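Lettering of chains follows the sequences in order, A, B, ..., and the numbering in each one begins at 1. Note that the coordinates shown come from a computational prediction; the quantities given were computed from them, not determined experimentally. We use all heavy atoms of the structure for the numbers below, so side chains are in, but hydrogens, waters and symmetry mates are not.
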Amino acid sequence: MTEIRLHNTKTRTKEVFVPLDPQNLRMYLCGPTVYDRAHLGNARPVVVFDVLFRLLRLVYGAAHVKYVRNFTDVDDKINATARARKEAGAEGTLEELIRARTEETIAWYHADMDALGALRPTLEPRATDFIGAMIAMIAGLIESGHAYAKDGHVLFRVRSYTNYGALSGRSVDDMIAGARVEVAPFKEDPMDFVLWKPSDADLPGWDSPWGRGRPGWHIECSAMSYELLGASFDIHAGGIDLQFPHHENEIAQSCCAHPEGQFARYWLHNEMLQVEGKKMSKSLGNFFTVRDLLDKGIPGEVIRFVFLQTHYTKPMDWTQRKADDAKRALLRWRSLTEGVIATYPGPEVLAALSDDLNTAGALNFLQHQGQALGQLAKERAHLAADHPEKLKLNEQLAEFVASAQLMGLLEPAMGAWAAAPQADLSAHAARLSDLRAAAMETKDFAPVDAMKAALLAAGVEVRMSKAGVELLPGAGFDAAKLPPL
RNA sequence: GGCGGGUUGGCGGAGAGGUUACGCAGCGGAUUGCAAAUCCGUGAAGACCGGUUCGAUUCCGGUACCCGCCUCCA
């Protein structure tokens with residue numbers, strides 16, 4: 001069996017991945033807070049860990065991998081949007097408006113992530129469907145002395161968990177010395193964090209032993225991962241910005257609530273995304289959503305290719321240049337492998353991905369391989385379909401496609417953008433060919449050049465050789481602009 | 001202030017203590033009426049300063065710069 005190695009943030013080393021139960025592999029990814037369209041940065045963990053999901057399915061069998069990615073649909077930004085809509089005269093109760101907002105956002109999220117070729121996780125739980133589990137977990141933490149209720153709030157007692165800070169490499173004392181913690185009258189210790197907070201009439205709330213209220217930020221992931229994956233599971237992933245405080249708090253809650261388990265055994269964190277060398281931010285004007293890029297005509301497959309060219313543990317820079325390069329590479333690959341049915345990924349790509357998801361290395365290999373296969377394809381183009389050399393080539397191409405598909409690339413369903421527009425240009429080709437033949441005699445190529453220019457303007461690629469004239473409609477093809485015959 | 005990540009040729013980016021990475025772009029050539037496509041060839045690197053070593057881009061230390069987290073954040 002393929003040995004997978006992963007960089008475990010918890011131990012800060014690359015470790016051989018050994019699942020608790022190879023028949024029931026479990027992975028949790030912190031999903032989005034569904035208050036608005038996903039921005040480009042939100043998409044990085046989705047794409048990166050989608051590759052991990054695909055790799056695990058290949059190695060352990062698709063039926064044996066359970067991948068959970070949550071939707072956090074309790075949040076003040078969602079509340080704010082709902083309230084703004086109500087004030088603007090929208091129909092329905094605040095709860096209904098909140099629900100509508102999260103439903104709408106989830107639908108967008110699915111559409112956008114589907115466009116990037118990300119497989120849907122096995123389960124996509126919503127926080128609001130697990131309020132009962134959160135309340136039960138919080139009650140247990142109070143009972144065991146790890147949490148306390150005060151003024152309608154429930155807080156986690158950070159000092160009660162000695163390993164607090166182990167994941168992110170900080171100590172409670174250092175952080176307090178940093179003095180950037182919220183001091184609140186209901187806190188025993190400034191580092192304590194909220195498990196439950198009270199809701200007034202203008203906010204969504206659920207009845208609890210501590211009054212009507214709503215959960216704090218971190219508890220939903222602890223409750224859902226426990227309910228769906230158990231007290232111990234294999235992989236927990238997310239952006240590096242979540243390492244503290246979100247994941248640190250998850251660990252504290254989960255390990256104190258379920259001391260019988262070890263919570264997540266391998267922690268994977270992806271580094272952040274930048275745009276043209278700078279942090280993506282609204283103030284710099286370089287902030288955009290996945291949808292913005294798709295609407296601009298950048299195919300999801302191209303976005304995915306760009307993401308995978310950078311190792312997930314390194315900061316990734318999104319640039320137009322990279323998108324252009326990726327597009328070219330994918331067009332070449334798609335034309336090379338047209339009609340080829342995938343078989344099984346090649347050993348080089350499998351080895352690269354198994355080595356802590358070295359997608360950049362895998363793509364690099366494919367770039368090289370694609371070039372070599374392109375040459376072979378040309379050399380063997382004249383051979384009969386059942387010629388041994390031809391069969392060998394077809395096998396290699398099938399392996400190439402399977403390797404790409406292991407990273408979610410060259411999937412047939414994602415290729416619509418690269419397909420050449422359907423058009424019968426044979427009459428134009430014949431006409432151009434005639435003009436050219438005549439020009440060869442007269443040495444006056446002006447009519448040929450004029451027609452060629454018109455074809456180019458219509459988005460048609462013109463190839464002329466001794467063999468004849470070839471017209472290929474390209475991405476910007478517009479039949480209405482074709483020159484008259 | 002505390003913690004963490006990064007810095008390889010025009011761009012992306014890999015492996016390896018000593019041998020051309022590779023791809024893209026560029027340049028030169030072939031081919032072409034001209035192009036396109038294709039093919040052949042080719043220059044170019046390891047932020048900076050020290051140390052270890054026969055030898056470092058690769059190991060160690062320091063400096064600079066960039067980025068992130070410490071507050072909502074993927």
Length of the line joining [X]:[atom1] and [N]:[atom2], which is rounded to integer Å:
X: A:His269; N: B:rG6; atom1: NE2; atom2: C1'; value: 18 Å
X: A:Tyr109; N: B:rA74; atom1: OH; atom2: P; value: 9 Å
X: A:His218; N: B:rC69; atom1: NE2; atom2: P; value: 15 Å
X: A:Met464; N: B:rG33; atom1: CE; atom2: C1'; value: 9 Å
X: A:Gln369; N: B:rC24; atom1: CD; atom2: C1'; value: 18 Å
X: A:Gln274; N: B:rU7; atom1: CD; atom2: P; value: 12 Å

Between [options], spot the one nearest the side chain of [X], thanks.
X: A:Glu271; options: B:rC24, B:rG5, B:rU32; value: B:rG5
X: A:His368; options: B:rG33, B:rA74, B:rC22; value: B:rC22
X: A:Arg328; options: B:rG33, B:rG4, B:rC24; value: B:rC24
X: A:Pro245; options: B:rG33, B:rG5, B:rC70; value: B:rC70
X: A:Pro315; options: B:rG6, B:rA74, B:rU32; value: B:rG6
X: A:Lys77; options: B:rC72, B:rA74, B:rG12; value: B:rC72
X: A:Leu242; options: B:rG10, B:rA74, B:rC22; value: B:rA74
X: A:Asn358; options: B:rG15, B:rG12, B:rA25; value: B:rG15
X: A:Gln371; options: B:rG13, B:rC70, B:rG23; value: B:rG23

Open item on the list: Just N and O in the side chain of A:Ser465: are any of them under 4.0 Å from OP1 or OP2 of B:rU31?
Closed with: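 No, outside the criterion.
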
Task: Presence of A:Lys314 side-chain N/O under 4.0 Å of B:rU7 phosphate oxygens OP1/OP2 - done: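 For A:Lys314, the contact criterion (side-chain N or O under 4.0 Å from OP1 or OP2 of B:rU7) is met.
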
For the [atom1] atoms, the ones on [N] and on [M], what distance do you get once it is rounded to whole angstrom?
N: B:rG41; M: B:rC34; atom1: C1'; result: 24 Å
N: B:rU7; M: B:rG46; atom1: P; result: 15 Å
N: B:rC24; M: B:rG5; atom1: C1'; result: 27 Å
N: B:rA64; M: B:rU53; atom1: P; result: 27 Å
N: B:rG43; M: B:rG1; atom1: P; result: 47 Å
N: B:rG9; M: B:rU20; atom1: C1'; result: 14 Å
N: B:rG26; M: B:rG15; atom1: P; result: 28 Å
N: B:rC22; M: B:rA30; atom1: P; result: 25 Å

At under 4.0 Å between heavy atoms, what does [X] touch on the DNA or RNA strands: base, sugar-phosphate, or nothing?
X: A:Asp325; value: sugar-phosphate
X: A:Leu273; value: base
X: A:Arg463; value: base
X: A:Thr310; value: sugar-phosphate

- [ ] Spell out yes or no: do the side chain of A:Lys452 and the base of B:rC34 have one donor N/O and one acceptor N/O closer than 3.5 Å?
- [x]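 Side chain to base: pair found, below 3.5 Å.
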
Open item on the list: Between the base of B:rG33 and the side chain of A:Asp449, is there a donor and acceptor pair under 3.5 angstrom?
Closed with: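 Answer is yes: a donor-acceptor pair is held.
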
- [ ] Could you grab the distance from atom CE of A:Met191 to atom OH of A:Tyr164, nearest 0.5 Å is fine?
- [x]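 Reported to 0.5 Å precision, the distance equals 4.5 Å.
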
TODO: Assign each of A:Pro32 and A:His311 to its nearest nucleotide of RNA chain B by heavy atoms, then name whichever residue's nucleotide is nearer the 5' end.
DONE: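 First, find each residue's nearest nucleotide; the 5'-ward one identifies A:His311.
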
Task: Along RNA chain B (nearest heavy atom to each residue), the more 5'-positioned of A:Arg332 and A:Gln243 - done: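 Closer to the 5' end of RNA chain B: A:Gln243.
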
TODO: Quick one: do A:Leu268 and A:Phe49 satisfy side-chain contact (heavy atoms from CB on, under 4.5 Å)? Show the steps, please.
DONE: CA-CA 9 Å; A:Leu268 268 51; A:Phe49 297 118; 3.8 Å; yes

- [ ] Identify whether the distance between the nearest side-chain nitrogen and carboxylate oxygen of A:Arg159 and A:Asp189 falls below 4.0 Å.
- [x]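 Yes, this pair counts.
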
Task: Residues A:Arg101, A:Asp36: salt bridge by 4.0 Å N-O rule - done: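 Yes.
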
Open item on the list: Is it the case that the ring center of A:Phe71 lies less than 6.0 angstrom away from the ring center of A:Tyr109?
Closed with: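 Yes, the ring centres sit under 6.0 Å apart.
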
Open item on the list: Taking the six-membered ring for Trp, are A:Phe263 and A:His247 closer than 6.0 Å centroid to centroid?
Closed with: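 No, they do not, as the ring centres are separated by 6.0 Å or more.
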
- [ ] Taking atom types as modelled, find out whether A:Asp76 and A:Tyr35 have a side-chain donor-acceptor pair closer than 3.5 angstrom.
- [x]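 Short answer, no.
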
